[in-house]
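To start, the structure under review is shown below, and the notes come after it.
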Amino acid sequence: MAKKPKDSKTAPAGTAQGAAAKQPGRLKQFGMVAKIVHQHSPKSIPIALGVMVAVLAVAILVAVLTGSWLYPLVLGIPLALLAGLITFSQSAQRVQYKLLDGQLGAGLAILQSLRGNWTVDAGVNANRNMDVVHRAVGPPGVVLVGEGDPNRLKSLIAAERKRVMRVAYDTPIYDMTVGNGDGQVKVAELRKRILKLPPSMNKPQLSELRYRLKALPPAMQAPRGPIPKGVKMPKMPRPRPR
């Protein structure tokens with residue numbers, strides 16, 4: 001048998017694809033975000049620049065009045081940049097909410113943006129009409145967020161609440177429905193509404209709750225893509241008695 005040359009090692013299959021799909025750098029990402037923000041809110045960037053100039057002007061005024069230029073400029077320039085970035089990020093967030101409004105998955109996107117001791121399970125319950133319930137676990141307890149038709153979501157959220165109560169015991173359980181109708185929570189207000197919930201659990205309690213939630217039998221998963229007409233959803237197998 002012929003021996004293979006020593007230099008005939010093949011590169012991993014995903015190397016070329018990974019290099020081709022290399023993510024853009026931070027500056028390029030910032031430029032892409034700035035372009036989107038400018039398209040949907042043309043005044044946002046000029047306002048952010050105006051805030052920067054105003055903070056820098058205050059620093060220069062302090063330097064002129066005190067006769068010392070070093071400390072006012074050393075502090076004023078970073079503060080001006082920080083104020084401008086904060087103003088721009090707030091505008092970008094408003095544009096993001098505007099683009100997400102009315103889109104399926106908007107609630108999940110907001111849940112996944114939560115920082116701190118939060119974990120999110122997407123699509124813990126769903127139906128063939130693409131109504132879906134997500135579950136977030138954090139310091140306030142368990143938050144169920146539904147997306148879809150509010151009337152159909154009532155039964156889905158109630159079913160998920162019963163599943164969670166089997167292992168959550170005295171843990172607070174909140175439920176919200178994303179939308180613009182009566183009794184629903186708008187996309188732009190969802191994050192703020194969740195963060196306003198009073199904390200009731202510490203880290204050890206949260207870890208124990210997450211462990212118990214993993215032991216729950218799976219509910220029907222969210223369907224991927226549209227379901228053809230006439231196709232019935234498969235029934236979940238019944239748990240066998242031990």
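- With values rounded to the nearest 0.5 angstrom, N125 atom CG is found 8.5 Å from S155 atom OG.
- Of the possible polar contacts, none joining the R166 side chain to the L216 backbone as a donor-acceptor pair under 3.5 Å is found.
- Proximity of S113 to W118: side-chain heavy atoms (C-beta onward) are nowhere separated by under 4.5 Å.
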- Message: For a side-chain contact (heavy atoms from CB on, under 4.5 Å) check, start with the C-alpha distance between T177 and I157, then their side-chain angles and the critical distance, and finish with the verdict.
- Response: CA-CA 9 Å; T177 304; I157 292 176; 3.9 Å; yes
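- At a threshold of 4.5 Å between side-chain heavy atoms, the hydrophobic network of Ile, Leu, Val, Met, Phe, Trp and Tyr places Y174 and L195 in one connected group.
- The closest side-chain heavy-atom distance from I194 to M176 is below 4.5 Å.
- Interatomic distance, CZ of R161 versus CD1 of I173, reported as 5.5 Å (0.5 Å rounding).
- V167 and L209 get closest at one heavy-atom pair: O-CD1, 4.5 Å.
- Hydrophobic clustering (ILVMFWY, side-chain heavy atoms < 4.5 Å, transitive): L73 and L82 are in distinct clusters.
- Looking at Q112, its side chain never comes within 3.5 Å of a backbone N or O of V120 through a donor-acceptor pair.
- Across all non-hydrogen atoms, the minimal contact from V132 to L153 is O-CD2, 3.7 Å.
- One finds the CG atom of L65 at 12.0 Å from the CD1 atom of I60 (value rounded to the nearest 0.5 Å).
- Although no hydrogens or angles enter the test, the distance criterion places no donor-acceptor pair under 3.5 Å between the side chain of N129 and the main chain of D131.
- Here the shortest heavy-atom pairing between R212 and Y169 reads NE-CE1, 3.6 Å.
- Atoms CZ and CG, on R135 and L111 in that order, are 12.0 Å from each other to the nearest 0.5 Å.
- Between atom CG of residue L156 and atom CG of residue L144 there is a gap of 11.0 Å, rounded to the nearest 0.5 Å.
- Note: the hydrophobic cluster containing V64 also contains I77 (ILVMFWY, side chain heavy atoms under 4.5 Å, direct or indirect links).
- Closest approach of V178 and Q184 over heavy atoms only: O-NE2, 3.5 Å.
- V58 and W69 fall into different hydrophobic clusters, where Ile, Leu, Val, Met, Phe, Trp and Tyr side chains are chained together by heavy-atom contacts under 4.5 Å.
- Proximity of a side-chain donor or acceptor of D149 to a complementary backbone N or O of R152 within less than 3.5 Å is detected.
- By the criterion of side-chain heavy atoms lying less than 4.5 angstrom apart, applied directly or through intervening Ile, Leu, Val, Met, Phe, Trp or Tyr residues, L56 is not grouped with I47; the two fall into different hydrophobic clusters.
- The number of heavy-atom neighbours closer than 6.0 Å to CG of N202, taken from other residues, nucleotides and ligands shown, is above 12.
- One distance of note links CG of D170 with CE of M201; it measures 10.0 Å at 0.5 Å rounding.
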- Check against salt bridge (Lys or Arg N to Asp or Glu O under 4.0 Å), R163 and E160: CA-CA 5 Å; R163 292 180 67 246; E160 183 59 26; 2.7 Å; yes
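- For the residue pair G141 and S200, the shortest heavy atom distance occurs at N-OG, 4.3 Å.
- Contact between L75 and P78 at its shortest, heavy atoms only, is O-CD, 3.5 Å.
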- Message: The test is side-chain contact (heavy atoms from CB on, under 4.5 Å); show your working for V55 and L81 and say whether it passes.
- Response: CA-CA 9 Å; V55 174; L81 292 173; over 6 Å; no
